[in-house]
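Residue indices begin at 1 and follow the sequence shown.
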Amino acid sequence: MRIAIAQCTPHLANKQENLNMITRYLHRAKEQKAELVIFPELVLTGYSIGNQLETIAEEIDGPSLQFIQQACHELQIFALISFPEKNGNAYHISSALIQDDGSIAGVYRKTHLFSAEAHYFTAGNEWPVFTTKLGNIGVMICYDLEFPEVTRLLRLNGADMVLVNTANMEPYERYQHIYMQSRAMENEIPLVICNRLGQEDNLKFFGHSMAVNHEGDILLQLDSEEALRIVDVSLHETRDPELNYARRLHESVRGALLNCLHHE
């Protein structure tokens with residue numbers, strides 16, 4: 001799969017500017033023959049929007065996602081877009097996987113909220129895997145990466161790879177680097193993460209977006225610059241038959257995790 005990582009700085013609370021930026025990156029990615037573009041967490045609005053959710057959040061069928069859906073359809077490209085979702089009386093940090101025909105393959109709602117996020121957002125409680133012509137794609141958002149159970153759930157649910165939107169800030173660079181490689185190795189699937197840049201109040205976002213293969217080898221790593229980078233990720237590499245972690249997981253642990261996937 002040919003993936004474009006759009007490491008950028010969202011404009012805080014300015015959806016129109018961010019839609020313009022997203023569109024530019026989609027066009028650039030298409031010119032470089034990318035099949036899918038991954039953006040940072042809350043790329044539609046910026047990160048520090050908790051006190052503006054009533055006016056800035058959108059439902060899944062809201063105008064901003066519809067605009068991006070149309071762009072993906074016209075360009076025939078996939079995109080993973082993170083946005084503040086209004087869901088009845090609740091708000092979620094969500095990511096929509098938009099397909100190259102403009103349809104939404106599915107939406108993931110962040111299940112582990114970091115710090116003050118919990119004052120404004122409601123955590124999701126599902127770990128879907130989206131079946132697409134590119135493969136079976138799992139999604140995580142930022143803090144989810146730091147919980148090994150999340151990637152394991154996605155692997156047990158059939159994920160061929162995991163994409164991660166994040167808005168990760170200093171001083172957590174080392175955490176991001178190590179967890180990306182660990183989660184890939186533990187589950188023998190590739191991971192791609194897109195982090196943002198810029199500063200909001202006292203939060204300084206560091207970038208360092210990266211792609212890692214199923215053995216934890218780094219395929220691509222960015223520094224702290226605005227950039228669109230392309231990486232080819234294989235979903236079906238030969239795996240070490242002596243490892244096979246997902247299948248050899250203790251049956252009681254496996255059963256408990258599967259119960260999480262099939263809860264009512």
Side-chain angles (χ1 to χ4, degrees), residues 5-13 15 18 38-54 56-58 80-87 89-97 107-128 138-155 159 162-184 186-187 191-210 212 221-222 224 257 260:
I5 300 175
Q7 182 168 283
C8 55
T9 305
H11 303 268
L12 184 60
K15 288 194 280 190
N18 291 326
I38 178 173
F39 291 89
E41 179 181 12
L42 293 176
V43 66
L44 180 61
T45 57
Y47 181 73
S48 305
I49 42 89
N51 58 0
Q52 302 178 63
L53 284 175
E54 289 188 8
I56 206 168
E58 294 188 19
L80 186 66
I81 301 290
S82 180
F83 67 105
E85 180 194 353
K86 177 176 172 55
N87 175 34
N89 294 323
Y91 299 97
H92 304 282
I93 299 176
S94 298
S95 290
L97 181 60
V107 173
Y108 170 72
R109 294 166 176 162
K110 186 174 184 177
T111 51
H112 295 83
L113 300 175
F114 179 73
S115 189
E117 293 171 4
H119 299 320
Y120 305 103
F121 295 98
T122 299
N125 63 354
E126 296 180 316
W127 295 271
V139 176
M140 300 192 296
I141 302 175
C142 200
Y143 196 38
D144 290 328
L145 177 67
E146 302 186 30
F147 297 85
E149 296 83 359
V150 179
T151 318
R152 182 72 81 203
L153 283 167
L154 293 171
R155 180 74 175 101
V162 175
L163 303 176
V164 189
N165 314 100
T166 191
N168 205 356
M169 66 285 290
E170 297 178 353
Y172 300 113
E173 296 93 331
R174 181 167 168 269
Y175 292 75
Q176 179 170 300
H177 300 164
I178 291 175
Y179 289 142
M180 277 293 291
Q181 293 179 277
S182 298
R183 302 297 165 256
E186 291 162 354
N187 295 282
L191 271 72
V192 180
I193 191 169
C194 182
N195 194 18
R196 60 162 291 176
L197 301 169
Q199 185 162 349
E200 296 179 6
D201 297 324
N202 63 336
L203 303 176
K204 187 172 182 180
F205 304 96
F206 59 79
H208 296 197
S209 302
M210 64 193 302
V212 181
Q221 183 169 352
L222 284 69
S224 298
L257 290 171
C260 292

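A distance of 13.5 Å separates CG of Leu257 from CZ of Arg155, quoted to the nearest 0.5 Å. With rounding to the nearest 0.5 angstrom, the NE2 atom of His92 is 13.5 Å from the CD atom of Glu117. Atoms CG and CG, from Asn18 and Leu44 in turn, are 6.5 Å apart once rounded to the nearest 0.5 Å. Taken to the nearest 0.5 Å, the CD1 atom of Ile141 stands 7.5 Å off from the CG atom of Leu42. Here the CD atom belonging to Glu170 is positioned 11.0 Å from the CG atom belonging to Asn202, to the nearest 0.5 angstrom. The CZ atom of Phe206 sits 12.0 Å away from the CG atom of Leu222 when rounded to the nearest 0.5 Å.
Annotation: side chain of Arg196 is in contact with side chain of Thr9 (closest heavy-atom distance under 4.5 Å).
Among all heavy-atom pairs drawn from Leu53 and Pro84, the shortest one is CD2-CB, 3.9 Å. Taking both residues in full, the closest heavy atoms of Glu186 and Pro148 are given as OE1-CB, 4.0 Å, listed atom of the first, atom of the second, then distance. Pairing each heavy atom of Ser82 with each of Ser95, the nearest pair is CB-OG, 3.5 Å. Nearest heavy-atom pair across Glu85 and Ser94 is OE1-OG, 2.7 Å. When all heavy atoms of Gly207 and Gln176 are compared, the pair lying nearest together is O-NE2, 3.3 Å. Shortest non-hydrogen contact noted between Ile38 and Val164 is CD1-O, 3.4 Å.
Using a distance-only test at 3.5 Å, with no hydrogens or angles considered, a donor-acceptor pair links the side chain of Gln7 to the main chain of His208. A donor-acceptor distance shorter than 3.5 angstrom exists from the side chain of Arg183 to the backbone of Leu145, with no hydrogens or angles considered. Of the possible donor and acceptor atoms, none in the side chain of Lys110 sits under 3.5 Å from a partner among the backbone N and O of Cys142. The main-chain N or O of Glu41 is never found under 3.5 Å from a side-chain atom of Asn165 such that the two would form a donor-acceptor pair. Distance alone, capped at 3.5 Å, is enough to place a donor-acceptor pair between the Asn195 side chain and the Asn168 backbone.
Relative ring orientation between Tyr143 and His112 is described as perpendicular, the plane-to-plane angle rising above 60° on a 0-90° scale split at 30° and 60°.
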Leu154 vs Tyr108, side chain to side chain contact (heavy atoms under 4.5 Å, CB included): CA-CA, chis, key distance, verdict: CA-CA 11 Å; Leu154 293 171; Tyr108 170 72; 5.8 Å; no
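Between the side chains of Gln52 and Tyr120, not a single donor N or O lies within less than 3.5 Å of an accepting N or O.
For Tyr172, the OH atom is loosely surrounded, since the number of other residues' heavy atoms within 6.0 Å does not exceed 12.
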